[in-house]
Every structure is written in C-alpha cells, then in structure tokens.
Amino acid sequence: MTVLDRLLQTIHSSEDVVRVRQLARERAIAQGFSLVDQTKLVTAASELARNTLEYGGGGEVLIEILNDGIRKGVRLTFSDQGPGIVDLDLALKDGYTTGGGLGLGLSGARRLSNEFSIDSKPGEGTRVAITRWR
Ligand SMILES: Nc1ncnc2c1ncn2[C@@H]1O[C@H](COP(=O)(O)OP(=O)(O)O)[C@@H](O)[C@H]1O
Ligand SMILES: [Mg+2]
C-alpha cells in the first residue's frame with residue numbers, strides 16, 4: 001500500500017469541520033469514488049471532525065490518498081489530546097452519548113468505512129482512523 005499524498009488539517013472551529021468535509025469530498029472525487037461512496041466518506045468525516053472539536057477540545061486530521069495495486073482509497077486519521085474515552089465498546093454503541101447528541105457518530109462512521117480503528121487513553125486523547133476504498 002502506497003501513500004500518494006497527505007495533508008494535515010487542524011480542527012479548532014466549525015469552519016474547520018466544513019473544511020474537512022470539503023477536503024474529504026475533493027479527495028474522494030480525485031480518487032474516482034461514486035457519488036454514494038463520496039457521501040459515505042464525507043458523512044463519516046463530518047461526524048469524526050465534530051467529535052474531535054466537541055469532545056476532544058480540537059485536534060487535527062491527516063488526510064491520505066492511498067493506492068493499493070488497483071485499489072484507490074482515502075484514509076482519514078483524526079487525533080486530539082482531549083479527555084479520551086474510558087469505555088470504547090460503550091462509546092461505539094448506537095445511541096450512546098455523553099453530550100446530548102444522537103450517539104450515532106462513531107458507530108455510523110464505522111459502518112460507512114471499509115476500515116476503522118480507534119485508540120484512546122483516558123487523559124491522553126483519542127485517535128480514530130477510517131479508510132474508504134473505491
Ligand atoms: N474525540 C473524542 N474524545 C472524547 N470522547 C469522545 C470523542 N469522540 C467521541 N467521544 C465519546 O463517544 C460518545 C459517542 O460519540 P458519537 O457516537 O459521535 O455520539 P454523539 O457525538 O452524538 O455524542 C460521545 O458522546 C463522547 O462521550
Ligand atoms: Mg458525535
């Protein structure tokens with residue numbers, strides 16, 4: 001698997017969340033994603049960017065263009081140095097929220113992605129990576 005291009009975008013405001021959506025859309029289009037797959041990536045990116053802002057206290061996303069033989073993909077890695085998540089299994093359950101949201105962000109992002117990983121330590125922060133392949 002080769003990383004063809006990478007870009008770091010900070011997430012410290014709702015304007016940055018909009019920017020993340022735009023960048024995810026642009027990269028998905030550049031990789032030849034169908035409209036449905038573009039929307040899946042952008043929706044997941046939006047949820048994770050908002051979590052980074054609201055729960056992580058801000059952070060960043062690394063956007064990578066991937067090439068794996070004939071497959072083309074986009075990987076998004078969100079990271080923050082916020083409070084972290086104590087119970088990951090619980091946080092990934094549909095409907096679980098500590099912030100009065102719908103509790104569908106993490107679980108939805110996982111369903112909308114081909115690869116999903118989450119790494120979080122209480123007091124140290126959270127990193128969530130998703131990959132969508134064409
Ligand atoms: N980056 C993060 N840092 C700390 N906690 C997080 C982070 N992302 C998600 N969480 C926790 O996981 C819960 C579930 O997130 P999510 O599924 O997006 O639902 P919602 O955003 O509606 O609360 C959040 O309520 C929060 O407690
Ligand atoms: Mg959320």
Side-chain angles (χ1 to χ4, degrees):
M1 206 255 311
T2 312
V3 178
L4 295 180
D5 191 23
R6 57 199 340 243
L7 175 90
L8 202 57
Q9 168 70 46
T10 57
I11 303 171
H12 291 298
S13 68
S14 50
E15 288 76 19
D16 289 340
V17 174
V18 172
R19 185 77 189 124
V20 172
R21 292 175 60 99
Q22 290 169 342
L23 289 168
R25 174 80 65 184
E26 281 173 25
R27 296 307 188 273
I29 289 170
Q31 289 289 66
F33 282 29
S34 69
L35 187 56
V36 168
D37 284 349
Q38 289 171 35
T39 302
K40 286 178 178 175
L41 183 72
V42 171
T43 302
S46 188
E47 292 296 332
L48 297 176
R50 207 167 296 146
N51 283 353
T52 299
L53 182 64
E54 287 178 6
Y55 301 113
E60 61 189 30
V61 58
L62 177 66
I63 301 169
E64 294 173 296
I65 299 291
L66 308 180
N67 195 326
D68 181 12
I70 55 165
R71 283 201 304 175
K72 292 179 166 199
V74 178
R75 180 166 61 199
L76 305 174
T77 306
F78 295 84
S79 50
D80 65 65
Q81 296 184 308
I85 300 173
V86 176
D87 189 335
L88 282 178
D89 287 339
L90 191 58
L92 282 162
K93 285 215 167 79
D94 279 347
Y96 177 80
T97 179
T98 59
L102 291 177
L104 294 171
L106 283 178
S107 55
R110 176 153 74 170
R111 278 191 293 269
L112 292 167
S113 305
N114 297 125
E115 292 163 30
F116 177 94
S117 71
I118 183 165
D119 186 18
S120 185
K121 285 198 185 70
E124 290 182 26
T126 300
R127 198 180 69 221
V128 185
I130 58 170
T131 304
R132 179 88 212 171
W133 295 100
R134 192 178 76 179

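Residue numbers count from 1 along this sequence. First listed ligand is number 1; within each ligand, the first listed atom is number 1.
Side-chain contact annotation: Asp94 with Ser107, donor-acceptor N/O pair under 3.5 Å present. Between the side chains of Arg19 and Gln22, at least one donor N or O sits under 3.5 Å from an acceptor N or O. In the model, Arg132 has no side-chain atom that pairs as donor or acceptor with a side-chain atom of Ser113 under 3.5 Å.
No salt bridge links Arg134 with Asp68; every basic N to acidic carboxylate O contact stays at or beyond 4.0 Å.
Within the coordination shell of the Mg ion (ligand 2), defined by N, O or S atoms under 2.8 Å, Asn51 is present.
Residues lining ligand 1 at a heavy-atom distance below 4.0 Å are given as Asn51, Tyr55, Gly56, Asp80, Gly84, Ile85, Ala91, Tyr96, Thr97, Thr98, Gly99, Gly101, Leu102, Gly103, Leu104, Gly105, Leu106, Thr126, ordered by chain and residue number.
By the 4.5 Å side-chain criterion applied to Ile, Leu, Val, Met, Phe, Trp and Tyr, Trp133 is assigned to a cluster that also includes Met1, Val3, Leu66.
With a 6.0 Å radius and a threshold of 12 heavy atoms from other residues, nucleotides or ligands, Arg6 has its CZ atom at or below the threshold.
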